[in-house]
Amino acid sequence: MSMRILSLTRETKDHLLEDLLKRSPNSYPEYESRVAEIIERVRAEGDAAVFAYTRQFDGAELTPGTVRVTEEEIARACEQVDPKLLEVMGKALKNIRAYHEKQRQYSWFDSREDGVMLGQKVTPLESVGVYVPGGKAAYPSSVLMNVLPAQVAGVKRIVMVTPCSREGQVNPATLAAAREAGVTEIYKAGGAQAIAALAFGTESIPKVDKIVGPGNIYVALAKKAVFGHVSIDSIAGPSEILVLADETANPRYVAADLLSQAEHDELASAILITTSRKLAEQVSLEVEGFLKELSRSEIIQKSLDNYGYILVAEDLEEAIAAANEIASEHLEIVTANAFEVMMKIKNAGAIFIGEYSSEPLGDYFAGPNHVLPTNGTAKFFSPLGVDDFIKKSSIISYSREALAPIYKDIVQFATCEQLTAHANSIQVRFEEQEVK
């Protein structure tokens, strides 16, 4: 089946935006009470609750002695992974680390001759929890993307949680990626119960300062519920791609790139905005052809039926305006003047420029992070990075000489707000002057 092709109008754009927002984790209130119940039970009962939920949801029997992945298990897992895959992971790891090292921030201090010193002290978080999905699919790339920025930031304790099989085994590729990336502890726990364990701590699983990593609706809502007790990266929605193309684009490449996201799940969104009706029709035909070949064609078809669109714009300016309003997680620009178009893009998680910069390049290998804002949140959120794993403290140091000429200004400000103790705290330092 081909993709629907619509003219880009205010009405079609509004309908699309309304459609996309339905996929937000915030649109599933029926799950919230179940998630709250799981969190409260883990908070009250600790390990016992985590083990009970693991038995219920994953069919695995865990104990305090088996919940933590051992060095032997990690070594055995690494032996099971194709050496070629390990080699590719190593290359990707170098690219990801090199990119994130450019994001590092350092403490700075400015001093003046009159004895004023102002600055900013940058401190890494002490501990971070990384959630890695298990179940039907394994995502070693997700391990690298969530762990490496924390490591570059200088986080000492990086704790990973991931579901296990009925036999208590964790996916070997996930464990190999964790070892390569430098995870310090790994626990066999998944779902909302794992998030609760990281947020509040249990007898076996340590409390952390921040939780990052993708997961299903239960994981997303659990992260939302524990925010405030700990920090979180974001509440991620389903994946999405928007391709901005003109008549110069290769329809086969565009179709392949749209489907690369549609295969994630039935809620994923794939949108093409183009100035060429001919390209729109060619892409739709190519999609039809690919669907006959791809292994996840059933999921892709449902995703396209629900959230797949080809929109034909009057001109490039209209197409760019729509792209900025949609604020997609992944944005590919395949136009004659791609860099010029990129300069006009205000809202996108990651921008891929040119026909050889397809989205999976960012998912696995190029170096920029693939943890990106979804559901229009690229209007105010950024990709995961080193900044997410540090905190900043302001530094203020004044000498008496520096405070003397301005202390009355501060007293006046405090008095205006009727905060007399504030005023007094400054004034007391100069009271002998006031007496004179």
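- Between the side chain of Asn347 and the backbone N or O of Asn324 there is at least one donor-acceptor pair closer than 3.5 Å.
- A donor-acceptor contact shorter than 3.5 Å links the side chain of Ser303 to the backbone of Ala268.
- Heavy-atom contacts from other residues, nucleotides or ligands closer than 6.0 Å to CD of Glu293 number more than 12.
- Side-chain atoms of Ser127 come within 3.5 Å of backbone N or O of Asp209 as a donor-acceptor pair.
- Here CD of Glu266 is found 10.0 Å from CG of Asp305. Values are rounded to the nearest 0.5 Å.
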task = Before giving the answer on side chain to side chain contact (heavy atoms under 4.5 Å, CB included), spell out for Leu148 and Asn369 the whole-Å C-alpha distance, their side-chain angles and the decisive distance to 0.1 Å.
result = CA-CA 10 Å; Leu148 286 167; Asn369 211 288; over 6 Å; no

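- No side-chain donor-acceptor contact under 3.5 Å links Asp246 to the backbone of Ser276.
- Residue Phe227 qualifies as open at atom CZ: its count of foreign heavy atoms under 6.0 Å is 12 or below.
- Taking the side chain as every heavy atom from C-beta outward, Leu221 and Glu32 approach each other to under 4.5 Å.
- Annotation: side chain of Val312 is not in contact with side chain of Leu6 (no heavy-atom distance under 4.5 Å).
- Shown here is Tyr364, whose OH atom has no more than 12 heavy atoms of other residues, nucleotides or ligands within 6.0 Å.
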query = What do the steps show when you test Leu316 against Val341 for side chain to side chain contact (heavy atoms under 4.5 Å, CB included), and what is the final call?
reply = CA-CA 9 Å; Leu316 204 49; Val341 171; 3.8 Å; yes

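- To the nearest 0.5 angstrom, Leu304 atom CG is 6.5 Å from Leu291 atom CG.
- Inspection of the Gln282 and Arg252 side chains reveals no N or O donor paired with an N or O acceptor under 3.5 Å.
- Note on residues 73-84: pairs passing side-chain hydrogen bond (donor to acceptor under 3.5 Å, both in side chains), not counting sequence neighbours, are Thr70-Glu73, Glu73-Lys188.
- Using modelled atom types, one side-chain atom of Ser165 and one backbone atom of Gln169 make a donor-acceptor pair closer than 3.5 Å.
- Arg4 places a side-chain N or O within donor-acceptor distance of the main-chain N or O of Gly308, the cut-off being under 3.5 Å.
- Surrounding CD of Gln120 are more than 12 heavy atoms belonging to other residues, nucleotides or ligands, all under 6.0 Å away.
- Nearest approach of Ala189 to Val50, heavy atoms of both residues: CB-CG1, 4.2 Å.
- Heavy atoms only, all atoms of each residue included: Ala262 and Ile299 are closest at O-CG2, 3.9 Å.
- A salt bridge is defined here as a Lys NZ or Arg NE, NH1 or NH2 lying under 4.0 Å from an Asp or Glu carboxylate O, and Glu37 with Arg34 meets this definition.
- Every residue meeting the ring pair (Phe, Tyr, Trp, His ring centres under 6.0 Å) condition with His229, not counting sequence neighbours, appears here in chain and number order: Phe200.
- Atom CG of Leu279 and atom CD1 of Ile5 lie 9.5 Å apart (nearest 0.5 Å).
- Residues Gly190 and Pro163 come closest through the heavy atom pair CA-CG, 3.8 Å.
- Listed by chain and number, the residues in a ring pair (Phe, Tyr, Trp, His ring centres under 6.0 Å) with Tyr398 amount to none (sequence neighbours excluded).
- Note on ring orientation: taking the six-membered ring where Trp is involved, the planes of His15 and Tyr309 are perpendicular (angle over 60°, cut-offs 30° and 60°).
- With salt bridges taken as basic N to acidic carboxylate O contacts below 4.0 Å, none links Arg157 and Glu126.
- Side-chain contact between Leu20 and Ile326 is present, with heavy atoms from C-beta onward closer than 4.5 Å.
- Around the NZ atom of Lys207, the shell of radius 6.0 Å holds more than 12 heavy atoms that belong to other residues, nucleotides or ligands.
- Looking only at side-chain heavy atoms (C-beta outward), Leu285 and Val287 stay at 4.5 Å or farther from each other.
- Checking each of Lys156, His100, Arg97 against Gln151 for a side chain to side chain donor-acceptor pair (under 3.5 Å) leaves exactly one that passes, namely Arg97.
- Between the side chains of Glu240 and Gln261, no donor-acceptor pair is found at a separation under 3.5 Å.
- Not a single ring pair (Phe, Tyr, Trp, His ring centres under 6.0 Å) links Tyr99 to another residue, sequence neighbours left out.
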ask   = Can Val411 and His422 be said to form a side chain to side chain contact (heavy atoms under 4.5 Å, CB included), step by step?
value = CA-CA 8 Å; Val411 168; His422 277 63; over 6 Å; no

task = Begin from the C-alpha positions of Arg10 and Glu325 and carry the test salt bridge (charged side-chain N to carboxylate O under 4.0 Å, His left out) through to its verdict.
result = CA-CA 11 Å; Arg10 167 51 61 189; Glu325 212 164 327; 3.2 Å; yes

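- Annotation: cation-pi geometry satisfied between Arg41 and Tyr53 (NZ/CZ under 6.0 angstrom from ring centroid, within 45° of ring axis).
- When all heavy atoms of Leu294 and Ile300 are compared, the pair lying nearest together is CD1-CD1, 3.9 Å.
- Closest non-hydrogen pair, Ala176 versus Cys78, comes out as CA-SG, 3.8 Å.
- Atom CD1 of Ile353 sits about 11.5 Å away from atom CG of Leu244, to the nearest 0.5 Å.
- Judged purely by atom type and a 3.5 angstrom limit, Glu355 has no side-chain atom pairing as donor or acceptor with the backbone of Tyr253.
- Listed by first and then second residue, the side-chain hydrogen bond (donor to acceptor under 3.5 Å, both in side chains) pairs that reach into residues 371-397 are Gln105-Asp387, sequence neighbours excluded.
- Judged by distance alone, the side chain of Asp58 and the main-chain N or O of Ala60 form no donor-acceptor pair under 3.5 Å.
- Under the rule for a salt bridge (Lys or Arg N to Asp or Glu O under 4.0 Å), the partners of Asp233 that lie at least two apart in sequence or sit in another chain are Lys223.
- With rounding to the nearest 0.5 angstrom, the NE2 atom of His330 is 13.0 Å from the CG atom of Leu258.
- Under a 3.5 Å cut-off, the side chain of Ser399 and the backbone N or O of Asp114 do form a donor-acceptor pair.
- In this structure, Gln418 contributes its side chain and Thr415 its backbone to no donor-acceptor pair below 3.5 Å.
- If you take OG on Ser269 and CD1 on Ile241, they are separated by 9.5 Å, rounding to the nearest 0.5 Å.
- The residues Lys278 and Glu247 are annotated as not salt-bridged, no charged nitrogen and carboxylate oxygen being separated by less than 4.0 angstrom.
- In this structure, the side chains of Leu8 and Glu314 stay at 4.5 Å or more apart for every pair of heavy atoms.
- Between Met89 and Ser141, the closest side-chain pair of non-hydrogen atoms is not below 4.5 Å.
- Val254 is listed as a side-chain neighbour of Leu272, based on a closest heavy-atom distance under 4.5 Å.
- In this structure, Phe380 places its CZ atom where more than 12 heavy-atom neighbours from other residues, nucleotides or ligands lie under 6.0 Å away.
- At least one side-chain heavy atom of Pro206 sits less than 4.5 Å from a side-chain heavy atom of Val159.
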request  = Please report the C-alpha distance between Leu198 and Val161 in whole Å, then the side-chain angles of each, then the deciding distance to 0.1 Å, and finally whether the side chain to side chain contact (heavy atoms under 4.5 Å, CB included) criterion is met.
outcome  = CA-CA 8 Å; Leu198 290 173; Val161 291; 3.6 Å; yes

